[in-house]
J.: 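Questions regarding the structure given below will be posed in turn.
Side chains included, hydrogens not; waters and symmetry mates left out as well; all remaining heavy atoms used.
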Amino acid sequence: MGRSIETDETEEFLCRIAWLYFVKGLTQSEIAAQLQITRLRVNRAIATARQLGIARVEIASPFAAALSLQEGLIEKFGLRSAHVAIAGRNDYDPHLSVGAALAFFLDDGLERRLWKSVGVSWGLTLEMALERMKSRRLPDMEIVSMIGGTAKGASFNAFGVAAGFSQKLGAQYSLFAAPIYFDSSETAAELMASPLFQQQLEKTRSVDIAILVAGDLSDRSFLVRDGLPSDVPLKDLESAGAVGDILGRFLDASGSPIDHTINSRAIGIALEDLPHIDHVALAAAGPHKVKIIRAALTAGRIHTLITDDVTAELLMDTPS
């Protein structure tokens with residue numbers, strides 16, 4: 001005889017209902033008819049079996065862990081949403097996994113017509129996403145470059161990324177037609193004050209969504225490798241507390257801009273302008289980028305994080 005477990009039903013009865021429902025795949029109505037009981041009694045038995053742990057649902061997929069990480073990131077950093085890709089651990093390439101996740105995110109938003117203007121920065125992550133996105137014809141959409149460019153890395157610098165997205169989506173595009181850094185803060189300020197650049201700045205502030213990437217301080221960073229002015233040694237940025245950059249602005253571990261002229265020499269939207277934008281997404285992955293990703297999230301300027309499970313696990317392990 002089955003024992004009573006805080007219910008009028010026996011454990012044997014609860015187990016039988018759970019078996020028919022979860023293993024045999026019968027509907028509640030079919031179970032009720034087979035056992036000649038009411039459907040309400042079947043429904044209550046299934047709920048009780050779950051509550052008491054007699055029936056447990058397990059999702060045997062690596063995506064279940066990703067979903068758990070997504071929820072954890074949202075709660076820990078106060079995000080609107082998070083998207084965690086499953087990375088290949090044996091031959092790890094953060095650009096592949098996060099690029100694929102970004103492509104899915106953008107395709108979904110474009111399919112639902114959520115945006116009419118998209119702000120973009122630069123980097124291999126965006127280039128990888130671009131390769132995987134669906135081609136479209138969106139003549140009313142505008143791709144807005146948010147920063148200046150460089151002479152190197154033509155396919156994934158600011159100019160190449162904006163033009164590439166425009167071609168892929170059949171959209172218009174606009175740029176800051178200037179290098180990312182000028183030789184002095186005064187020159188950069190004068191240029192940014194010009195009517196042409198003010199017009200571009202207003203476009204960046206009013207995009208429906210901004211897609212940002214993050215750069216660390218190693219030579220894996222395109223900006224560190226090919227974009228820094230020759231008179232700015234990397235050691236100076238490290239001494240000032242930098243952990244990486246967002247939009248060419250170098251941040252410390254708290255997400256605040258470092259006290260260095262490099263930030264005032266940059267061409268493009270300032271970090272202080274990001275609150276003007278309704279949706280700011282950061283797409284970045286890799287253990288080498290955890291410090292700068294965490295800094296950006298800590299500063300509260302990011303609404304959506306797109307990353308991979310390797311990076312998400314490290315972010316969840318770091319203290320808030």
J.: In terms of hydrophobic clusters joined by side-chain contacts under 4.5 Å, are Leu138 and Leu126 together?
T.: yes
J.: What about Val120 and Leu110, same hydrophobic cluster or not, with Ile/Leu/Val/Met/Phe/Trp/Tyr joined at side-chain heavy-atom distances under 4.5 Å?
T.: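 Yes; Leu110 is reachable from Val120 via cluster members.
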J.: Okay, side chain of Thr311, backbone of Gly286: is any donor-acceptor separation there less than 3.5 Å?
T.: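 Yes, because the side chain of Thr311 sits within donor-acceptor range (under 3.5 Å) of the backbone of Gly286.
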J.: Within the 4.5 Å heavy-atom criterion, are Thr187 and Leu191 side-chain neighbours or not?
T.: no
J.: Does Gln172 reach the main-chain N or O of Asp140 with its side chain, forming a donor-acceptor pair under 3.5 Å?
T.: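 No, the answer is negative, given that no donor and acceptor are paired below the 3.5 Å cut-off.
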J.: Take atom CH2 in Trp19; do more than 12 heavy atoms of anything else shown fall under 6.0 Å from it?
T.: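 Atom CH2 in Trp19 is not packed in, count stays at 12 or less.
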J.: Taking a hydrophobic cluster as the set of Ile, Leu, Val, Met, Phe, Trp and Tyr residues connected by side-chain heavy atoms closer than 4.5 Å, whether directly or through intermediates, do Ile211 and Leu79 fall within one such cluster?
T.: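 Yes, Ile211 connects to Leu79 through the hydrophobic network.
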J.: Any side-chain heavy-atom pair from Ile54 and Glu11 closer than 4.5 angstrom?
T.: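 Yes - at least one pair of side-chain heavy atoms lies under 4.5 Å apart.
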J.: Would you check, one step at a time, whether the test salt bridge (Lys or Arg N to Asp or Glu O under 4.0 Å) holds for Asp107 with Arg132?
T.: CA-CA 9 Å; Asp107 275 334; Arg132 288 161 177 76; over 6 Å; no
J.: Check the angle between the aromatic planes of His279 and Phe105 and answer parallel, tilted or perpendicular using the 30° and 60° thresholds.
T.: perpendicular
J.: Any cation-pi pair here, Arg41 with Phe13, using under 6.0 Å and within 45°?
T.: yes
J.: Considering only heavy atoms from C-beta outward, does the side chain of Val243 approach that of Phe250 to under 4.5 Å?
T.: no
J.: Flag yes if more than 12 heavy atoms outside Asp231 fall under 6.0 Å of its CG atom; otherwise flag no.
T.: yes
J.: Judged by atom type as modelled, is there a donor-acceptor pair below 3.5 Å linking the side chain of Arg205 to the main-chain atoms of His276?
T.: no
J.: Would you say that Met192 contacts Phe176 through its side chain, given a criterion of any heavy-atom pair below 4.5 Å between the two side chains?
T.: yes
J.: Examine the side chains of Ser254 and Ser256 and answer whether a donor and an acceptor come within less than 3.5 Å of each other.
T.: yes
J.: Donor-acceptor check, side chain of Glu30 to backbone of Thr27, threshold 3.5 angstrom: yes or no?
T.: yes
J.: Once rounded to the nearest 0.5 Å, what's the spacing between atom CG of Leu217 and atom NZ of Lys289?
T.: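 Here the rounded value is 11.5 Å.
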J.: Do Phe77 and Val310 belong together in a cluster built from hydrophobic side chains that touch within less than 4.5 Å?
T.: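 No, Phe77 and Val310 fall in different hydrophobic clusters.
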J.: Does Asp208 use its side chain to pair, donor to acceptor, with the backbone of Leu114 at less than 3.5 Å?
T.: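 No; judged by distance alone, with no hydrogens or angles, the pair does not exist.
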J.: Thinking salt bridges, do Asp273 and Arg301 make one under a 4.0 Å N-O criterion?
T.: no
J.: Kindly indicate, with the supporting measurements, whether the criterion side chain to side chain donor-acceptor pair (under 3.5 Å) is fulfilled by Ser239 and Asp236.
T.: CA-CA 5 Å; Ser239 297; Asp236 286 2; 5.3 Å; no
J.: Does the His303 side chain pair with the main chain of Val280, one donor and one acceptor, at a distance under 3.5 Å?
T.: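 Side chain of His303 to backbone of Val280: a pair is present.
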J.: Just wondering, do Ile37 and Ile17 contact through their side chains at under 4.5 Å, heavy atoms?
T.: yes
J.: Could you state the interatomic distance from OG (Ser97) to CG (Asp308), rounded to the nearest 0.5 Å?
T.: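 It is 3.5 Å, given to the nearest 0.5 Å.
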J.: For Arg44, does its backbone N or O pair with a side-chain atom of Thr48 as donor and acceptor, under 3.5 Å?
T.: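 Yes; at least one donor-acceptor contact below 3.5 Å.
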J.: Can you tell which of Val213, Leu130, Ile306 makes a side-chain contact (heavy atoms from CB on, under 4.5 Å) with Leu102?
T.: Ile306
J.: For the CG atom of Leu251 and the CG atom of Leu271, what is their distance to the nearest 0.5 Å?
T.: 5.5 Å
J.: I'd like to know if the side chain of Asn263 and the backbone of Ile258 have a donor-acceptor N/O pair within less than 3.5 Å.
T.: yes
J.: Give a yes or no on whether Asp317 atom CG has more than 12 heavy-atom contacts from other residues, nucleotides or ligands under 6.0 Å away.
T.: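 It does: Asp317 CG has more than 12 such atoms within range.
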J.: Does a side-chain heavy-atom distance below 4.5 Å link Arg220 with Pro94?
T.: yes
J.: Main chain of Ala171, side chain of Ser166: is a donor-acceptor contact present, judged purely on distance under 3.5 Å?
T.: yes
J.: Less than 6.0 angstrom separating the ring centers of Phe165 and Tyr173, yes or no?
T.: no
J.: Using a 4.5 Å cut-off on heavy atoms from C-beta on, say whether the side chain of Trp122 contacts that of Met146.
T.: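 They are not in side-chain contact.
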J.: Is there a path of hydrophobic side-chain contacts, each under 4.5 Å between heavy atoms, that joins Ile74 and Met316?
T.: yes
J.: Please report the shortest heavy-atom distance between Lys76 and Leu315, naming the atom on each side.
T.: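 That would be NZ-O, 2.8 Å.
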J.: Nearest 0.5 Å, please: how far is CG in Leu305 from NE2 in His83?
T.: 9.0 Å
J.: Quick one: closest heavy-atom pair of Met128 and Gly99, and the distance?
T.: CB-CA, 4.0 Å
J.: Other residues, nucleotides and ligands only: do more than 12 of their heavy atoms fall within 6.0 Å of CD on Gln198?
T.: yes
J.: Output yes when Glu142 and Lys203 qualify as a salt bridge under the 4.0 Å nitrogen-oxygen rule, no when they do not.
T.: yes
J.: Is it true that atom CD of Glu202 has more than 12 heavy atoms of other residues, nucleotides or ligands lying nearer than 6.0 Å?
T.: yes
J.: Looking only at the side chains, is there a donor atom on one of Thr261 and Ser185 sitting less than 3.5 Å from an acceptor on the other?
T.: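 Looking only at side-chain atoms, Ser185 and Thr261 do not form any donor-acceptor pair under 3.5 Å.
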J.: Do the side chains of Ile31 and Lys24 get nearer than 4.5 Å, heavy atoms only?
T.: no
J.: Mind checking the CG-CG spacing from Leu73 to Leu297? Nearest 0.5 Å is all I need.
T.: 8.0 Å
J.: Please check: side-chain N/O of Ser121 versus main-chain N/O of Leu212, any donor-acceptor pairing under 3.5 Å?
T.: no
